[in-house]
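Note that ligands are numbered from 1 as they come in the structure, with each ligand's atoms numbered from 1 the same way. Worth knowing before you read on, the calculation uses all heavy atoms, side chains too, and leaves out hydrogens, waters and symmetry mates. Keep in mind that this is a model prediction, so the values were computed, not measured.
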Amino acid sequence: MPSLLETSAWQALQVHYAAIRDTHLRELFANDRDRATRFSTDAVGLHFDYSKHRITEETLRLLLQLAQECGVAERRDAMFRGEHINVTEDRAVLHVALRAPRDAAIMVDGNNVVPAVHAVLDRMADFSERIRSGAWTGFTGKAIRSVVNIGIGGSDLGPVMAYEALRPYTRRDMNFRFVSNVDGTDFAEATRDLDPAETLFIISSKTFTTLETMTNAHTARNWTVQALGNDAAVKNHFVAVSTNTAEVGKFGIDTQNMFEFWDWVGGRYSMDSAIGLSTMLAIGPNHFGEMLGGFHAMDEHFRTAPFECNLPVLMGLLAIWYTNFFGAETVAVIPYDQYLKRFPAYLQQLTMESNGKHVTLEGKRVAYDTGQVYWGEPGTNGQHSFFQLIHQGTRLIPCDFIAFEATHNPLGNHHALLLASVLAQAEALAFGKTPEEVRAEGNPDWLVPHRSFEGNRPSTFILGDSLTPEMLGKLVALYEHSVFTQGAIWNIDSFDQWGVELGKALAARIAPELESAAEPELHHDSSTNALIKRLRHTTVSS
Ligand code: F6P
């Protein structure tokens, strides 16, 4: 296969980019009355309008050709076949198996993994029902009313995001808390008002060795044992979600109370594995099943739909277009739904840990940019903070707008105003306001440049009927497969994360230096040495 820059599609895209880079969306819409229809697709219950992008039919044709020349379909099929496409860790990448129906067969190294997936789902459902019904009790015989998930990264961000997104479906008479940060404040504040006799801790960690999670887990165990006065309380108040049975046992959690997942599930792709136990406890097994159904519907769409109407592929190709041709560095994700307030944070790990890579699968330095900075906040709040820069700043920031036809909280005209706002933002970004229009409003000449909007700011409009568990599954899988598409084109390993290792190793070296009673011999750079010296007395004495 030719390298990315040698593909004929890439070269044609460069020529094409030079020809259309200054074409304005105003012109593209004026010249094509059917543009909104031409560049919109409805699939798996989502309306995906990408007409406000700086593309023509030729752009799309070339991007689709690029996907073909880069072997996106082949790589996708290899993933679904369970091949070890995570080459640097020599692992299959099969989060799609987590949401496969009971009768499906997905093979990893010669074994169908679907029965094991459903066996764990069944155990999770049984456990959830026992907690939710009060049949499972704490050490003193009280029912569990509070659930605290302890995890970080993929073992936290998915569970938090899903809990917030699906609040209308959650047990309102129970507390759900999430502790991730090694900053003791996180644990202290999350547990401040909880009764240890009614609290269940879920220790979620793929490896069960992560510093933050294990530190918080030990603190949680002390908190529980001290309050309940007996080590035996751990059995009633702790369960684990992990791939590492040995470490779970060592920590002192009965491995009967462990929910398993597998090395072919990446941390950031794990929210629908047993890592979703807190989600299932909150929304119940049936709604959890509906969420998996949404994931699976998008998986099937990605696997089977022709690329020209394949939502994740289109989304991924647009990301390539802006990153590699327009030089855009960030993508703003703006959900117009308060329940999706943690969705951008969730996407940051999914997208940036996946595609923040500087070498190809073969280990050669890439000759093009990869990854983008994903960020965002719910609308309409963002409009009153960072939107100014998107509208009138000097940078190009493509936006993903996410909205739903129906709200869970129909209050007066709130929802109409919310939808009016998202439509208005997309329109204003695309079409702007010309100096002539500003002048015609009676503005003095000196104010005209300040009040003009260039427009030509691209956005995608993703519209669903309402934010149900199924819809959430579809949305997450849409982004997962868009990330996949981008990674396949960039020829990088989207499923490893070596970049997080160096900081972890250095922290392990610095922690004993900070905590040592005797003055340690320091061999860092002069800045780090000085900071360690300055901070030592605070950490040693506390
Ligand atoms: O440090 C990054 C990372 O390895 C993520 O990829 C992962 O989601 C997170 O840490 C937590 O890891 P674990 O689930 O093994 O505790």
Side-chain angles (χ1 to χ4, degrees), residues 85-95 98 120 124 148-163 178-183 186-187 201-221 238-251 253 258-279 342-357 371 374 476 479-480 483-484 487 492-511:
I85 62 164
N86 176 356
V87 290
T88 70
E89 295 181 313
D90 192 18
R91 287 178 181 164
V93 173
L94 268 181
H95 40 279
L98 299 171
V120 173
M124 288 165 64
V148 183
N149 184 75
I150 294 183
I152 198 164
S155 301
D156 166 71
L157 288 162
V160 183
M161 181 277 289
Y163 174 68
F178 301 86
V179 175
S180 54
N181 201 333
V182 77
D183 182 345
D186 204 9
F187 182 86
F201 288 98
I202 305 174
I203 312 301
S204 297
S205 175
K206 181 173 170 179
T207 54
F208 229 74
T209 56
T210 304
L211 172 95
E212 292 89 338
T213 301
M214 297 327 296
T215 306
N216 280 317
H218 281 102
T219 301
R221 189 168 57 183
F238 283 77
V239 296
V241 177
S242 189
T243 58
N244 192 341
T245 317
E247 285 297 326
V248 170
K250 261 197 234 163
F251 177 83
I253 294 179
M258 167 177 160
F259 298 87
E260 186 195 4
F261 65 114
W262 305 272
D263 72 357
W264 40 265
V265 182
R268 53 195 176 273
Y269 297 88
S270 67
M271 62 172 275
D272 43 8
S273 70
I275 289 291
L277 184 60
S278 61
T279 314
R342 296 287 289 171
F343 194 58
Y346 170 78
L347 287 184
Q348 286 185 324
Q349 188 199 11
L350 176 66
T351 57
M352 291 157 77
E353 199 166 59
S354 295
N355 284 343
K357 308 292 159 66
Y374 276 74
V476 174
Y479 279 91
E480 285 178 349
V483 164
F484 181 96
I492 55 178
D493 191 331
S494 300
F495 303 102
D496 62 14
Q497 56 284 316
W498 299 108
V500 300
E501 297 302 330
L502 178 58
K504 286 185 194 176
L506 288 175
R509 184 175 146 200
I510 293 172

Have a look at Gln349, Arg268, Glu212 and point out the one with the heavy atom closest to atom 7 (C) of ligand 1. Gln349
Say whether Lys206, considering both its backbone and side-chain N or O atoms, lies within less than 3.5 Å of an N or O atom on ligand 1. yes
When rounded to the nearest 0.5 Å, the distance separating CD of Glu480 from CG of Asp272 is 6.5 Å
re atom 15 (O) of ligand 1, the protein heavy-atom contact at minimum distance is Thr207 OG1, 2.6 Å
Residue and atom name of the nearest protein heavy atom (relative to atom 6 (O) of ligand 1), distance in Å to one decimal: Glu353 OE1, 2.9 Å
Is there at least one pair of N or O atoms, one from Ser155 and one from ligand 1, spaced under 3.5 Å apart? yes
From Thr88 OG1 over to Trp498 CH2, what is the distance, rounded to the nearest 0.5 angstrom? 5.5 Å
If we only consider heavy atoms of Glu501, is any one of them less than 4.0 Å away from an atom in ligand 1? no
Do the two ring centres, one from Tyr269 and one from Phe484, sit under 6.0 Å apart? no
Residue pair Tyr346, Val476: steps toward the side-chain contact (heavy atoms from CB on, under 4.5 Å) verdict: CA-CA 9 Å; Tyr346 170 78; Val476 174; 3.4 Å; yes
Pair Asn149, Ser204: side-chain N/O donor-acceptor within cut-off below 3.5 Å: yes
Out of Lys504, Gln497, Glu247, who is nearest to atom 10 (O) of ligand 1 when you count heavy atoms only? Lys504
Any idea which protein heavy atom is nearest atom 8 (O) of ligand 1, and the distance to it? Gly154 N, 2.8 Å
Classify the ring geometry between His95 and Phe495 as parallel (under 30°), tilted (30 to 60°) or perpendicular (over 60°). tilted
Report the distance from atom CG of Leu347 to atom CZ of Arg268, rounding to the nearest 0.5 Å. 13.0 Å
Where's the contact between Val500 and ligand 1, heavy-atom distance under 4.0 Å: side chain, backbone, both or neither? side chain
Quick check: are there more than 12 heavy atoms from other residues, nucleotides or ligands sitting under 6.0 Å from CZ of Arg221? yes
Out of Val241, Ile203, Ile152, Thr210, whose heavy atom is nearest to atom 9 (C) of ligand 1? Ile152
Looking only at N/O atoms, are Ser204 and ligand 1 under 3.5 Å apart anywhere? no
